[in-house]
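Scroll down for the structure; my scribbles are underneath it.
Whatever order the structure lists ligands and atoms in, that order sets their numbers, starting from 1. Residue numbers run from 1 in the order of the sequence given.
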Amino acid sequence: MGYDARHGWTPLMAIIEIDSLRVEFPAGRGVRVAVNDVSLAVEHGETMAIVGESGSGKSVLALSMMAMVPGAGRITGGSVRYEGTDLLAADTRTLRRIRGGHIAVIFQEPMKSLNPVLSIGRQLTDPIRFHRAVGKAEALRIAASSLAEVGFTQPLETVRQFPHQLSGGMRQRVMIAMAVSCGAKLIIADEPTTALDVITQREVLNLLASLTRKREMALVMISHDLGVVARYADRVSVMYAGKIVESASARDLYRSPRHPYTRGLLGSALRADTESRQLNPIMGSPPDLLALPAGCAFAPRCPVVLPRCQDQVPELVSATPDGGAWPVACWRDAELSLGARHPVSGGAT
Ligand SMILES: Nc1ncnc2c1ncn2[C@@H]1O[C@H](COP(=O)(O)OP(=O)(O)OP(=O)(O)O)[C@@H](O)[C@H]1O
Ligand SMILES: [Mg+2]
């Protein structure tokens, strides 16, 4: 039980809790394992970043948080709980109520979520009326005030506009307004700013961060760029080939990255910030998910690989004998953590 002034004594429960999740895509006679035994929990009000290279399973994991899988994908194991409700066993009615009303998703390209032939007002008020059971006039009032909250100065004009009349950044603001206006408690933002210029990107991320903080919403922020999420996340989970290989508070992760892959990612991210730091880009490319190596999936690219890494998969373990306090999936963690502030010796350059 936990106590807070607004809710009194309540059971301490993560807003979303994923346990041993596995998502597969059929591929010829085999399967591609896009999400491979992933467990993670996001707390109420927390911002969790999920980072990893293209194809590492971030989007599939994000969608599965709403019990959705793209294309011919199938969830073949594990569980997803939203405030204790098992979403993989939930009926359609419960899922419709939770999607949008409790969990909102913002994608990279808002035009895919917005209907080009409906006004912004209509696209906001329909879900508001569905999720909040209010009439037309009240829905319009909520829509306008949400648009104002995300930075539209003349919301009553904006509701009459159509998506193509807005810039990319403004469309993302509309998506954020939609999440807020329906009362979502968790926003999943899947590379929401990748398609925007750097200044707009920062504005949209700042808006997401300040709104979620103000409204005590949880935020799952997905990015392939560790540098971008650095300033926003409370915690960061690093994905590689469908698995989480390290999960830590943002502060710990940036100060003392432990997994060789995380160190490599930070090496690449630092490149844009300062040229003086030692560069440590990751050589090679991620494995084919159809034919994963027998051991650690990162082994073929790892600068500190040992024979053991090639035939046994390292588990994500929370503590190492040297006192490492956060989960890392690396056979060499205990010895490497001792020099965590320094680049991995023998690192690829
Ligand atoms: N619709 C689909 N059909 C078949 N396979 C898919 C589909 N979507 C994803 N996959 C498989 O799942 C893997 C993970 O895809 P996912 O989209 O989650 O990657 P990602 O980390 O989001 O990458 P990106 O940074 O490019 O968005 C892919 O490598 C691919 O093998
Ligand atoms: Mg993706």
What is the closest protein heavy atom to atom 1 (N) of ligand 1, and at what distance does it sit? P70 CB, 3.9 Å
Determine, using heavy atoms of E191 and all atoms of ligand 1, whether some pair is separated by less than 4.0 Å. yes
Residues E53, K58: salt bridge by 4.0 Å N-O rule: no
Strictly below 4.0 Å, N to O, side chains only: are E83 and R81 in salt-bridge contact? no
Heavy-atom donor-acceptor pair, S39 side chain to S20 backbone, under 3.5 Å: yes
Only heavy atoms count here, so choose which of K58, R32, H224, E24 is nearest to atom 25 (O) of ligand 1. K58
I'd like to know: is the Mg ion (ligand 2) within the 2.8 Å range of an N/O/S atom from S59, strictly under that distance? yes
Is a salt bridge present between E46 and R235, judged by a nitrogen-to-oxygen distance below 4.0 Å? yes
Between E246 and W326, do the side chains contain an N or O donor and an N or O acceptor separated by less than 3.5 Å? yes
Given G52, S54, G71, which one has a non-hydrogen atom that is nearest to atom 24 (P) of ligand 1? S54
Sub-3.5 Å donor-acceptor pair from the side chain of R132 to the main-chain atoms of S181, do we have one? yes
Name the closest protein heavy atom to atom 29 (O) of ligand 1, giving the residue it belongs to and the distance to 0.1 Å. G55 O, 3.3 Å
Do other residues, nucleotides or ligands put more than 12 heavy atoms under 6.0 Å from the CD atom of E138? yes
Nearest heavy atom to atom 17 (O) of ligand 1: which of G73, G242, S59 does it belong to? S59
If you measure every N or O of A72 against every N or O of ligand 1, does any of those distances drop under 3.5 Å? no
List ligand 1 atoms under 4.0 Å from L289, heavy atoms only on the residue side. 13 (C), 29 (O), 31 (O)
Logged contact type for V60 with ligand 1, heavy-atom cut-off 4.0 Å, is both
Shortest protein heavy-atom distance from atom 12 (O) of ligand 1, along with the residue and atom involved: A34 CB, 3.2 Å
Quick test of your reading of the model: are E149 and R173 salt-bridged, counting only N-O distances below 4.0 Å? no
Identify, for atom 4 (C) of ligand 1, the protein heavy atom at the shortest distance, and state residue, atom and that distance. F25 CD2, 3.3 Å
Can you tell me if E53 has a non-hydrogen atom under 4.0 Å from ligand 1? yes
Short N-O contact, D333 and R258, less than 4.0 angstrom: yes
